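Right, one structure below, let's go through it.
Model, not experiment: these values are computed from the prediction. Both backbone and side-chain heavy atoms feed into the values below; hydrogens, waters and symmetry mates do not.
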Amino acid sequence: MRAQRDIRIGGLGPLSAPGIVWAGRELRDGMALAAHRINEAGGVAGRPLRILFEDTMGTLAGGLGAVHRLLRMEVHALAGEFHSVVADAVVEPVHRAGLPFVCASATLDAITERRLPSVFRVAPPQSYGWLAYAEFLLSQGFRHVVAFQEESLYWNRGSRVIEARLQASGVPFTRVPVPAAAPQASGLVRHLEGIMAGAPAPDIVLLLVAYPEPLRSLVGELRTRGLFPGAVILGDPAGRTVFPDWWDVAGGDATSVPFLAYARPGELAPEGRLAAEQFERERGREPTFVALEGYDSVLTLARAIEAAASTDPSQVCGALRRLEIGGTRGPIAFATQSEGVVHQQWRWPPVCVVAYRQPRQRFSTAALLWDAERGRTGAPPL
């Protein structure tokens, strides 16, 4: 039998392709830092906290396999995942196991719309975040928004949120479908050029495609044909721009790309400032908001286990519902409304549209262009 003294939290995230590897690294490192700081302060009610992190590979099968491995390790709770479709697939087996799960980074509305009693979330739902992105687009005065878009549940749900808000204000939204099998960037960009011959001409192109490919090829073709930088701005509502490899994937000139971020540049809470300073000292880089989401997911579970004085799943879930703590980006409490997506949901983490003005700029100095809570900021327009 496994020794029962330690508290074991199972971490989920992509550490290998086709998942976004940097997302998994950030989740893993954020969780590890939270556990380290908690253990340095005496553990969870005097018991050591361990993170057992499993690679989901960004796939449904990988995610389900990771959950099954963690269940065999007899974890007391689960946290994490970046890819929404993976998190959406694993919540049902996690629910059947009865363990608390704090979803760190996946935003698909369905994750909390199911209203499962053991599922909590610290990332915002997609409908809230992508609506904020649409408000940003309107605030900037874009006249015609085009999206290179692959067919998937995540992209479809997000683009519909943006399209509905833009159309309500009379701003056209045009999709350029990107085939899943071997998309030809040259043909897709020629399609865009045809759209640009009309009026109003598109002035921003949203990259609703997989990362690093075909995003890399599409941006490269736009550059080759002289459309970027210059004729159009690129947009990344999915927030991949925050990862350190963005400049290798999209190119060193891929600046001023507005992306969703769930932290305000340079405005962390006291817990976040301490965590970010230690993270950078130990890892030589700033934590992204994904690392902070991983940190917060572990912090909430640890505090709930402590408050419950038990690892019993029902008692931990009850403690999570009553929880009020200082997280890295602000006070965290889980809200539930009578219907809809707000079910055991942090309402709300910071939801911002951010852009790097310089290559490899630190996130803490990036331009804050739109804030869902505060509206338009004083940053110069793109």
Side-chain angles (χ1 to χ4, degrees), residues 2 6-17 19-40 43-44 47-91 93-95 97-107 111 118-123 243 262 275 278-279 282-283 287-306 311 313 316-317 320 327-328 332 346 349:
R2 179 186 294 275
D6 59 337
I7 303 294
R8 298 178 298 281
I9 294 178
L12 297 166
L15 294 175
S16 59
I20 297 179
V21 175
W22 264 109
R25 290 175 183 168
E26 290 290 285
L27 280 172
R28 179 195 62 193
D29 291 352
M31 291 181 186
L33 178 61
H36 177 73
R37 288 174 56 80
I38 289 167
N39 286 332
E40 279 196 328
V44 180
R47 297 169 65 181
L49 173 60
R50 293 177 61 202
I51 305 297
L52 305 172
F53 196 95
E54 287 291 317
D55 179 13
T56 66
M57 300 183 290
T59 68
L60 304 188
L64 292 171
V67 168
H68 292 320
R69 291 191 297 275
L70 289 169
L71 293 178
R72 289 197 299 270
M73 296 176 195
E74 300 179 354
V75 296
H76 297 110
L78 294 107
E81 193 44 46
F82 177 80
H83 293 285
S84 280
V85 293
V86 177
D88 189 49
V90 304
V91 290
V94 169
H95 167 63
L99 294 183
F101 172 45
V102 176
C103 181
S105 298
T107 62
I111 293 164
S118 63
V119 176
F120 298 75
R121 178 160 57 185
V122 294
F243 295 124
Y262 304 133
Q278 185 170 348
F279 188 102
E282 295 177 355
R283 292 166 176 81
T288 66
F289 68 84
V290 177
L292 299 177
E293 289 172 328
Y295 186 106
D296 283 336
S297 66
V298 167
L299 183 66
T300 55
L301 282 167
R303 295 292 179 255
I305 292 169
E306 200 165 46
T311 56
V316 175
C317 287
L320 282 167
T328 60
I332 298 176
W346 180 14

Applying salt bridge (Lys or Arg N to Asp or Glu O under 4.0 Å), name anything that partners [X], two or more places apart in sequence or on another chain.
| X | answer |
| --- | --- |
| D88 | R114 |
| R28 | none |
| R25 | none |

To check you understand the geometry: which heavy-atom pair defines the closest contact between [X] and [Y], and what is its length?
| X | Y | answer |
| --- | --- | --- |
| P93 | L64 | CG-CD2, 3.7 Å |
| P349 | V122 | CG-O, 3.5 Å |
| G327 | L299 | CA-CD2, 4.3 Å |
| P14 | E81 | CD-OE2, 4.0 Å |
| Y295 | A275 | CE1-CB, 3.6 Å |
| I305 | T311 | CG2-CG2, 4.1 Å |

With side chains defined as the heavy atoms from C-beta onward, is the minimum distance between [X] and [Y] less than 4.5 Å?
| X | Y | value |
| --- | --- | --- |
| I9 | M31 | no |
| L49 | V298 | yes |
| P287 | D29 | no |
| L301 | L320 | yes |
| H76 | V44 | no |

Give a yes or no on whether the backbone of [Y] and the side-chain of [X] come within a donor-acceptor separation of less than 3.5 Å.
| X | Y | answer |
| --- | --- | --- |
| H83 | I20 | yes |
| R8 | L70 | no |
| E26 | T288 | yes |

side-chain hydrogen bond (donor to acceptor under 3.5 Å, both in side chains) against S297, all qualifying residues, sequence neighbours excluded: none
Partner set under side-chain hydrogen bond (donor to acceptor under 3.5 Å, both in side chains) for T300, not counting sequence neighbours: none
Rounded distance [0.5 Å steps], CD1 in I38 versus CZ in R303: 5.0 Å
S118: side-chain contact (heavy atoms from CB on, under 4.5 Å) partners, not counting sequence neighbours: H95, C317
side-chain contact (heavy atoms from CB on, under 4.5 Å) involving H36 - partner list, sequence neighbours excluded: E40, Q278, E282
Residues two or more places apart in sequence or in another chain: which of them pass ring pair (Phe, Tyr, Trp, His ring centres under 6.0 Å) with [X]?
| X | answer |
| --- | --- |
| F243 | F82 |
| F279 | none |
| F120 | F334 |

Residue pairs involving residues 51-66 (criterion salt bridge (charged side-chain N to carboxylate O under 4.0 Å, His left out); sequence neighbours excluded): E54-R69
N/O donor to acceptor pairs below 3.5 angstrom from side-chain atoms of residues 97-105, sequence neighbours left out:
{"residue": "S105", "atom": "OG", "partner": "E293", "partner atom": "OE1", "Å": "2.6"}

